[in-house]
There are 2 protein chains.
Amino acid sequence: MNIGTASQRSGVPAKTIRYYESIGLVRSADRRANNYRDYSDRDVETLRFVARARKLGFSVKQCSVLLALWHDRGRASHDVKAVALSHVEEIDQRIAELESMRRLLVDLTARCQGDSRPDCPILDDLAGSRVTHSQRSAAGESGSIPPCHAVAGARSASRSSARSAPSRGGGRSLRRAVSRSS
Amino acid sequence: MNIGTASQRSGVPAKTIRYYESIGLVRSADRRANNYRDYSDRDVETLRFVARARKLGFSVKQCSVLLALWHDRGRASHDVKAVALSHVEEIDQRIAELESMRRLLVDLTARCQGDSRPDCPILDDLAGSRVTHSQRSAAGESGSIPPCHAVAGARSASRSSARSAPSRGGGRSLRRAVSRSS
DNA sequence: ATTGACCTTCCCAATACTGGAAGCTCTACC
DNA sequence: GGTAGAGCTTCCAGTATTGGGAAGGTCAAT
């Protein structure tokens, strides 16, 4: 079947299918005489697998690992579970960060009159004129600005000092997107 | 002061300061005779403002709006509050998405033995062999694959149908990053 | 004079796609 | 047979927000 059909059946946009092929997440599709990609039902199943994993928030890299495990008939469910659990940890961290932000924002907005006058605790806080409220110090006044998605969400439980999730370093296992140096 | 000093005092990396300048988030710094950027204490305050706003999860675009309001002595606190509240809504959506994923993942991992055998409910679920568990349908089987950060997290409260936060369409107000066509 | 720290610009990497242009192929219709 | 329109191909660029690094100019101290 053509890429358009595979797209419809898998729910993955044709462009994205090509992208997945280019980065090596899915194998290169067979080509027909006219150079059109040719997909089998198995290919569609693979795409659906990826689509579901992505919906669960797995990164493309993690999808690649999961796909390999899926295709490996001799896998140990332990390995799959490990990937999933590590992903849950990442999600927990992100949730903790977001909830920390949320708490602060809600606090600030609650104290903002929201009228036509210019006085605003939100701006005051952002400007650093610290009024007496404890939250600001809880937001991690750590001095340096971590890159947003890595904001020190530390305070999830009690600051446990040892940051467990690696997630940062790590060689990219997926083939790089087509380089024009070939 | 030089960019390095401004960076230390504001907590914003020098590279990021240059980036903020390039996109027009902060005004172009004065230059000294040697072409070095020259920052004032006011500039540092602005950078700290941005840093705090970023820590609260505001996008650079939102930071730009907040900065403008901050500098506008005649602003209405209502306008500031609106930005903040809309941001809280976004955060709520993202939390809801993450929690929805989390629920599913935790359910799946709980049912996975995690031993050396290959049987794995996680892979089964991803493969689409749907065993009887209700959650799958809760993940939004919406047919098409939205781009991850825009996953239909709808169910934040009770689906209120009218999505208030714009954030999506909308001309980018910030000057584009330096184009080499100049 | 030289060293080392700092500054400049420019390009590339990462994430996970999405959009569009230019051009080829297929199908249907007249 | 010709043509229109849909679908396919590749390649380039853009999204948001930095971080890394190269090549080269500047400054302060030795």
Side-chain angles (χ1 to χ4, degrees), chain A residues 1-8 12-26 28-29 31-39 50-51 53-55 57-64 90 144-151 167-174 176-182, chain B residues 1-8 12-25 28-29 31-39 50-51 53-55 57-64 144-151 167-174 176-182:
Chain A
M1 75 189 82
N2 280 353
I3 197 170
T5 311
S7 166
Q8 280 186 328
V12 180
K15 270 224 121 120
T16 304
I17 297 177
R18 292 195 199 96
Y19 170 69
Y20 285 164
E21 184 183 311
S22 82
I23 61 172
L25 176 59
V26 300
S28 291
R31 298 295 182 126
R32 289 208 301 260
N34 57 11
N35 198 34
Y36 283 17
R37 287 176 179 80
D38 192 12
Y39 293 91
V50 172
R54 294 286 299 121
K55 266 192 210 156
F58 287 104
S59 71
V60 166
K61 209 174 293 183
Q62 286 171 317
C63 287
S64 170
E90 288 166 30
S144 74
I145 313 297
C148 183
H149 57 279
V151 158
S167 95
R168 220 54 209 305
R172 38 191 172 38
S173 59
L174 287 174
R176 279 298 339 297
V178 287
S179 67
R180 54 190 167 307
S181 65
S182 67
Chain B
M1 76 191 82
N2 280 351
I3 197 170
T5 310
S7 166
Q8 281 185 328
V12 181
K15 272 224 119 121
T16 305
I17 297 177
R18 292 197 198 96
Y19 170 69
Y20 286 165
E21 182 184 313
S22 83
I23 62 171
L25 176 59
S28 292
R31 298 295 183 127
R32 288 208 302 263
N34 57 10
N35 198 32
Y36 284 15
R37 287 174 179 80
D38 191 13
Y39 294 91
V50 172
R54 296 285 298 125
K55 267 194 209 151
F58 286 104
S59 70
V60 167
K61 208 174 292 184
Q62 286 171 317
C63 287
S64 171
S144 76
I145 314 295
C148 182
H149 57 279
V151 158
S167 94
R168 220 54 210 305
R172 38 193 171 37
S173 59
L174 289 172
R176 277 302 334 300
V178 288
S179 67
R180 56 187 164 306
S181 65
S182 68

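Worth saying up front: this structure is predicted, and the values here are computed from it rather than measured. Just the heavy atoms: all of them, side chains too, but no hydrogens, waters or symmetry mates, feed the values below. Residue numbering restarts at 1 for every chain, and letters A, B, ... go by the order of the sequence lines.
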* To do: Report which part of the nucleic acid B/Arg32 touches: base, sugar-phosphate, or nothing (heavy-atom distance under 4.0 Å, all strands).
  => nothing
* For the base of D/dG25, is there a side-chain donor-acceptor partner from B/Tyr36 under 3.5 Å away? -> yes
* For atom NZ of B/Lys15 and atom C1' of D/dT17, their distance in whole Å -> 13 Å
* Can you tell me if A/Asp38 uses its side chain to pair, donor with acceptor, with the backbone of A/Met1 under 3.5 Å? -> yes
* Round to the nearest Å and state the distance from B/Phe58 atom CZ to D/dA16 atom C1'. => 17 Å
* N or O in side chain of A/Thr16 less than 4.0 angstrom from C/dT18 OP1/OP2 -> yes
* Asked: Think A/Tyr19 has a side-chain N or O under 4.0 angstrom from the OP1 or OP2 of C/dT15?
  -> no
* **Distance (rounded to the nearest 0.5 Å) between A/Tyr39 OH and A/Ile3 CD1** => 4.0 Å
* Structure fact -> Taking for A/Ala33 and for B/Gly4 the nucleotide of DNA chain C with the nearest heavy atom, the one nearer the 5' end belongs to B/Gly4
* Just to confirm, is there a sub-4.0 Å distance from OP1 or OP2 of D/dA16 to any side-chain nitrogen or oxygen of B/Lys61? -> yes
* Asked: Reckon A/Arg37 has a side-chain N or O less than 4.0 Å from the OP1 or OP2 of D/dC8?
  -> no
* To do: Mind checking B/Tyr20 for me? I need base, sugar-phosphate or nothing, with any heavy atom below 4.0 Å counting as a touch.
  => sugar-phosphate
* Phosphate-side-chain proximity, B/Asn34 and D/dC27, N/O vs OP1/OP2 below 4.0 Å -> yes
* Asked: Should we count CD of A/Gln8 as having more than 12 external heavy atoms under 6.0 Å?
  -> no
* Between D/dG7 (P) and A/Asp38 (CG): distance, integer Å -> 17 Å
* Asked: Which whole-number value in Å describes the distance from A/Ile3 CD1 to D/dG7 C1'?
  -> 11 Å
* How far does OH of A/Tyr20 sit from CZ of A/Arg54, to the nearest 0.5 angstrom? -> 5.0 Å
* Structure fact -> Residues at least two apart in sequence or cross-chain that pass salt bridge (charged side-chain N to carboxylate O under 4.0 Å, His left out) with B/Arg37, listed by chain then number, are B/Glu21
* To do: Provide, to the nearest angstrom, the distance between the CZ atom belonging to B/Arg18 and the C1' atom belonging to D/dT18.
  => 13 Å
* Rounded distance (Å) that lies between atom C1' of C/dC24 and atom CG of A/Asn35 -> 9 Å
* Asked: What's the CZ-C1' distance between B/Arg31 and D/dT26, to the nearest Å?
  -> 14 Å
* Asked: Rounded to whole angstroms, how far apart are CD on A/Glu21 and P on C/dC17?
  -> 15 Å
